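To start, the structure itself, in structure tokens.
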Amino acid sequence: MSRNVTSVIAGTPVAGPAGARYSSTNPARTSEVVADVSPGDASTFAAATRAARQAGQAWADVPAPVRGRAIAHIGRVVEANAEALARLVTREIGKPYAEALGEVREIVDTCDFFLGEGRRLYGQTVPSEMPDKQLFTFRNPVGVVAVITAGNFPVAVPSWYLIPALLCGNTVVWKPADYSPACGAALFDLVTRGGGLPDGVLNLVLADGETTFAGLEGALAEGLVDKVGFTGSSAVGSRIGELTGRYLQSACLELGGKNPMVVTPSADLDLAVEAALFSGFGTAGQRCTSLGTVIVHESVHDDFLARFDKATRQATVGDPFGDVVYGPMLGEKFAQRFEDYLGWIQPHHSVLGSTATGRITAASPREGFTGDPDAGMFYHPTIVDGLREDDAIFLNETFGPIVGVTTYRDLREAIRLANLPGYGLSSSVYTDEPAEVFAFRRGISAGMVSVNNSTSGAEAHLPFGGNGKSGNGSRQSGMWVLDQFTRWQSMNWDYSGRLQKAQMDVTELTPNESFRLTD
Ligand code: UN1
């Protein structure tokens, strides 16, 4: 069944120009249309931000505990629709169904965390340096938040922005990825209807990237956007950071990763292999937290590689509604880009993990494949051993089912190699040595460190975010994201009946500096 989806502004569906219509298709069966999409133009984005501005004051005036109740209702309605939403995620972007259910669970977890935050949103009382004066801090909503998200997590990652932004009293314009519009429309309905949100509090804009960028620029120039949240590539993230900076706004940027896994001599190799398989090839390697390069100690390299190769060859690829490690690429654009990355393989590399590289087809089959490979965009898992530090595959994010392997001699070298590509999202170390754990934690540039666990699969209430090419230091999730969606306001209240001047009218006690204890 296919559905019609459009932007929704102030509660009203808004179709875009007739010529812009397109179909969102199932990447596991590209002949199947999931949604007929009528995307908007740049004026749609501006109209949505105007609607959000208009709804802003009334929403900010709703008491935070009442907004928290709305978040509770959203969590419940998402839970009640979990299977339907997960099925849609699997159909529209090809994520295996079990993982899609996990993704939906991440929305519920996020709601569970923030429903109580409505009764906290703590400010502080702070002692003053003068008598008869009190100091306070308050969290204020920032205003209108523009959220632009990727489609590899078409519903969970958006919820990391939408739920806390709404809870904090902001109104929101959300632009989901153009290849996951049906998931976007479904989450939009669950949040607005499930939460009983007044019209205009959350608005949906369906548009392509360049249209969105133009719309965002116009809205910023009109003073209609107070905060931007963006999840996507490092290249687009830097454009968004530059644009928001020009208007003295800040963006919360969650960008790419080249996430390393260091395997030390004391590592449990089977555990490390299991994690490398899950984080390297799960979601077809299309998470920002996916494993980039395994940096394995030279003494265990051959053993690790043999086991990793075997596990990868045995992994089932195919129909994402079946029991598979991964399904298709997210869409055509991702398939094409992945082919470019495969072109970076050099003669000094050895390639393992499958019967071939590139697209899985009847002519280039993969053992154990489930379903019809020619119906969709499926790719062989690819392990590239023998990476050198100036290889393109070593230095760049390669979004897709490809994992590099290289070796190290001492931990300092492993950490240097892990940091070298200049990203800094997630990382992992497999070791039995506490000293190695803490040396790695201190040395690694990543915002997230896993010990004896994979690079992907972060829990929804720890700070999520990266450094370097992975982001601008902003953090999502848990209490840390509150600093993205509120601004601190300080208040001082002097009830002494006179003007007490800070720093000047402060009593000083007189110390006896020559005082010494006697024996
Ligand atoms: C992403 O790919 O943008 O930690 C986010 C993980 C998931 C989120 C990934 N919970 O792998």
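What you see below is based on every heavy atom in this structure, not just the backbone, and it leaves out hydrogens, waters and symmetry mates. Just so you know, ligand 1 is whichever comes first in the structure, and atom 1 is the first atom listed for that ligand. On a predicted model such as this, the values are computed, not experimentally measured, just so you know.
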Check your understanding: Between Asn152 and ligand 1, does any nitrogen or oxygen pair lie at a separation below 3.5 Å?
Key -> yes
Point to revise | Carboxylate-amine/guanidinium contact Arg287 Glu99, below 4.0 Å | key: yes
Point to revise | Distance under 6.0 Å and angle within 45° of ring axis: Lys175 vs Phe230 | key: no
Check your understanding: Any chance CZ of Arg193 has more than 12 other-residue heavy atoms, nucleotides or ligands included, within less than 6.0 Å?
Key -> no
Check your understanding: Is the closest heavy-atom distance from Glu254 to ligand 1 below 4.0 Å?
Key -> yes
Review point. Under 4.0 Å between a Lys/Arg side-chain N and an Asp/Glu carboxylate O for Glu339 and Arg359?
Key: no
Review point. With a 4.0 Å heavy-atom cut-off (strictly under), which part of Phe278 contacts ligand 1: side chain, backbone, both or neither?
Key: neither
Check your understanding: So is Met448 close enough to ligand 1, meaning a heavy atom under 4.0 angstrom away?
Key -> no
Check your understanding: Atoms of ligand 1 less than 4.0 Å from Val157 heavy atoms?
Key -> 3 (O), 5 (C)
**Study point:** Electrostatic pair Arg120-Glu117, nearest N-O below 4.0 angstrom
**Key:** yes
Exercise for review: Looking only at distances, please establish whether an N/O atom of ligand 1 is found under 3.5 Å from an N/O atom of Ser456.
Suggested key: no
Exercise for review: Could you tell me whether Asp319 and Arg29 have a side-chain N and a carboxylate O separated by less than 4.0 Å?
Suggested key: no
Review point. In ligand 1, which numbered atoms sit nearer than 4.0 Å to a non-hydrogen atom of Phe464?
Key: 4 (O), 5 (C)
Review point. Testing Thr406, Asp385, Thr407 for side chain to side chain donor-acceptor pair (under 3.5 Å) with His301, which one passes?
Key: Asp385
Point to revise | Residue and atom name of the nearest protein heavy atom (relative to atom 10 (N) of ligand 1), distance in Å to one decimal | key: Glu106 OE2, 3.0 Å
Exercise for review: Have a look at Thr149 and tell me which of Tyr161, Trp160, Trp174 forms a side chain to side chain donor-acceptor pair (under 3.5 Å) with it.
Suggested key: Trp174
Practice item. Could you check whether the rings of Tyr379 and Phe338 sit parallel, tilted or perpendicular, using 30° and 60° as the cut-offs? Key: perpendicular
Practice item. Give yes or no for whether the N/O distance cutoff of 3.5 Å, strictly under, is met between Trp160 and ligand 1. Key: no
Review point. Has ligand 1 got any nitrogen or oxygen that is less than 3.5 angstrom from a nitrogen or oxygen of Ala458?
Key: yes
Review point. So which heavy atom in the protein is nearest atom 9 (C) of ligand 1, and how far is it from that ligand atom?
Key: Phe153 CE1, 3.5 Å
Exercise for review: Name the option, out of Ser290, Cys288, Ala460, that contains the heavy atom nearest to atom 2 (O) of ligand 1.
Suggested key: Cys288
Check your understanding: Tell me, which protein residue and heavy-atom name are nearest atom 11 (O) of ligand 1, and how many Å apart are they?
Key -> Thr289 OG1, 2.6 Å
Practice item. Report yes if Thr231 has an N/O atom closer than 3.5 Å to an N/O atom of ligand 1; otherwise report no. Key: no
**Study point:** Which of the ligand 1 atoms, numbered from 1, are nearer than 4.0 Å to a heavy atom of Arg287
**Key:** 2 (O), 6 (C), 7 (C), 11 (O)
Exercise for review: Would you check the N or O atoms of Gly457, main chain and side chain alike, for any that come under 3.5 Å of an N or O of ligand 1?
Suggested key: yes
Check your understanding: Between Arg246 and Glu217, is there a salt bridge with N-O shorter than 4.0 Å?
Key -> yes
